[in-house]
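Here's the structure we're looking at; comments come further down.
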Amino acid sequence: MAIQSVGIVGAGQMGNGIAHVFALAGYDVLMTDVSTEAMEKAMSLIDRNLERQLRGDKITQSEKDEAFGRIKTTPTLTDLGQCDLIIEAATEKEAIKHKIFEELLPHLKPETILTSNTSSISITRLASRTDRPHRFMGFHFMNPVPVMQLVELIRGIATDQETYQTMLQVVEQIGKTSATAEDFPAFIVNRILIPMINEAVYTLYEGVGSVKSIDQSMKLGANWPMGPLELGDFIGLDTCLAIMNVLHDGLADTKYRPCPLLVKYVEAGWLGRKSGRGFYDYSGETPVPTR
């Protein structure tokens, strides 16, 4: 089926990036969020990111203006009902995602494809709570969306071939590269990445190294562009913990046990960059290690 209009649920870090790339690729985008302030911030950030691409000669002024003009916002979730494709990019909590889809269902066109940008939750289980499990897929973008090339496509047990082929074409249309993952906890990228971050937190917790030495070791010794603790702060420590819990619960293997220090940081509200403090303190001009 042809996709022309895209509805995005969530105007946060992932949602605004997804809106950016779809609008730039020529799609009409309607974005919603429970917070009007979040939508205003998202539009401002999209404008700045488009301007950055313009200054880098990656897009023209007319492309920037046209892309920005294709993005509309609404405080009403059900306004997204007439979109051809809906991408849920809300917080990584299954109950919230179920509530969003349940509210949307009575307002959707029969042919609308539902997708979730979840980084770890079962696609089959999310799809089973809708009226269209055959038209439901995992559509997992990497952060930051305008920069990162990969999109994970995850089929639920009921996802049909037409939906899968449509989403393959959409990924190509927005200039990204797809990787198909089976519907196992955390899929491919986070199945590998988040336990590595969790192990870095254990390394800190056990006193093997400081924040600075751990991150510096992985950047200079393994050629990582960011250290694992720095990356955890960038992703959000609450998100890292949520994914570790999904892995631990879903695979019943003690190797996925979240580090107690990670749990403690999240309980303290030290979530990383978005809260201003995590393994680094971001209150000044330069981030400073907190341990």
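Side-chain atoms are counted along with the backbone in the values below, which use heavy atoms only and exclude waters and symmetry mates.
Both I174 and L50 are part of a single hydrophobic cluster, where members link through side-chain heavy atoms under 4.5 Å apart. Side-chain heavy atoms closer than 4.5 Å link hydrophobic residues (I, L, V, M, F, W, Y) into clusters, and following such links, possibly through other members, connects V21 to V170. Both I18 and V29 are assigned to one and the same hydrophobic cluster, defined by single-linkage of ILVMFWY side chains at heavy-atom distances under 4.5 Å. One hydrophobic cluster holds both I3 and L24 under the rule that ILVMFWY side chains link at heavy-atom gaps under 4.5 Å.
A search for salt bridge (charged side-chain N to carboxylate O under 4.0 Å, His left out) contacts involving K274 returns D238, not counting sequence neighbours. A search for salt bridge (charged side-chain N to carboxylate O under 4.0 Å, His left out) contacts involving E285 returns nothing, not counting sequence neighbours. Taking the salt bridge (charged side-chain N to carboxylate O under 4.0 Å, His left out) definition, one finds that E172 meets it with nothing, sequence neighbours left out. Listed by chain and number, the residues in a ring pair (Phe, Tyr, Trp, His ring centres under 6.0 Å) with Y280 amount to none (sequence neighbours excluded). For R52, there are no salt bridge (charged side-chain N to carboxylate O under 4.0 Å, His left out) partners two or more places apart in sequence or in a different chain.
Side-chain contact annotation: S120 with E92, donor-acceptor N/O pair under 3.5 Å present. With hydrogens and angles left out, the side-chain atoms of S283 and D281 include a donor and acceptor closer than 3.5 Å. A donor atom on one side chain and an acceptor atom on the other are found under 3.5 Å apart for S62 and T60. With hydrogens and angles left out, the side-chain atoms of Q149 and T177 include a donor and acceptor closer than 3.5 Å.
Among pairs with a residue in residues 182-219, none fulfils ring pair (Phe, Tyr, Trp, His ring centres under 6.0 Å), at least two apart in sequence or across chains.
Ion pairing between D233 and R277 fails under the 4.0 Å rule for side-chain N and carboxylate O.
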Next on the checklist: Could you walk me through whether M244 and Y256 satisfy the side chain to side chain contact (heavy atoms under 4.5 Å, CB included) test, starting with their C-alpha distance in whole Å, then the side-chain angles of each, then the deciding distance to 0.1 Å, before giving a yes or no?
Outcome noted: CA-CA 6 Å; M244 287 306 301; Y256 297 115; 4.1 Å; yes
Checklist entry - Would E103 and K99 satisfy salt bridge (Lys or Arg N to Asp or Glu O under 4.0 Å), going step by step from the backbone distance to the final call? => result CA-CA 6 Å; E103 188 174 342; K99 185 177 179 181; over 6 Å; no
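Residue N143 holds its CG atom at 5.0 Å from CE of M14, rounded to the nearest 0.5 Å.
The residue from I46, D33, I8 that alone fulfils the side chain to side chain contact (heavy atoms under 4.5 Å, CB included) condition with N16 is I46.
Counting heavy atoms from C-beta outward, L247 and R191 have side chains that approach closer than 4.5 Å.
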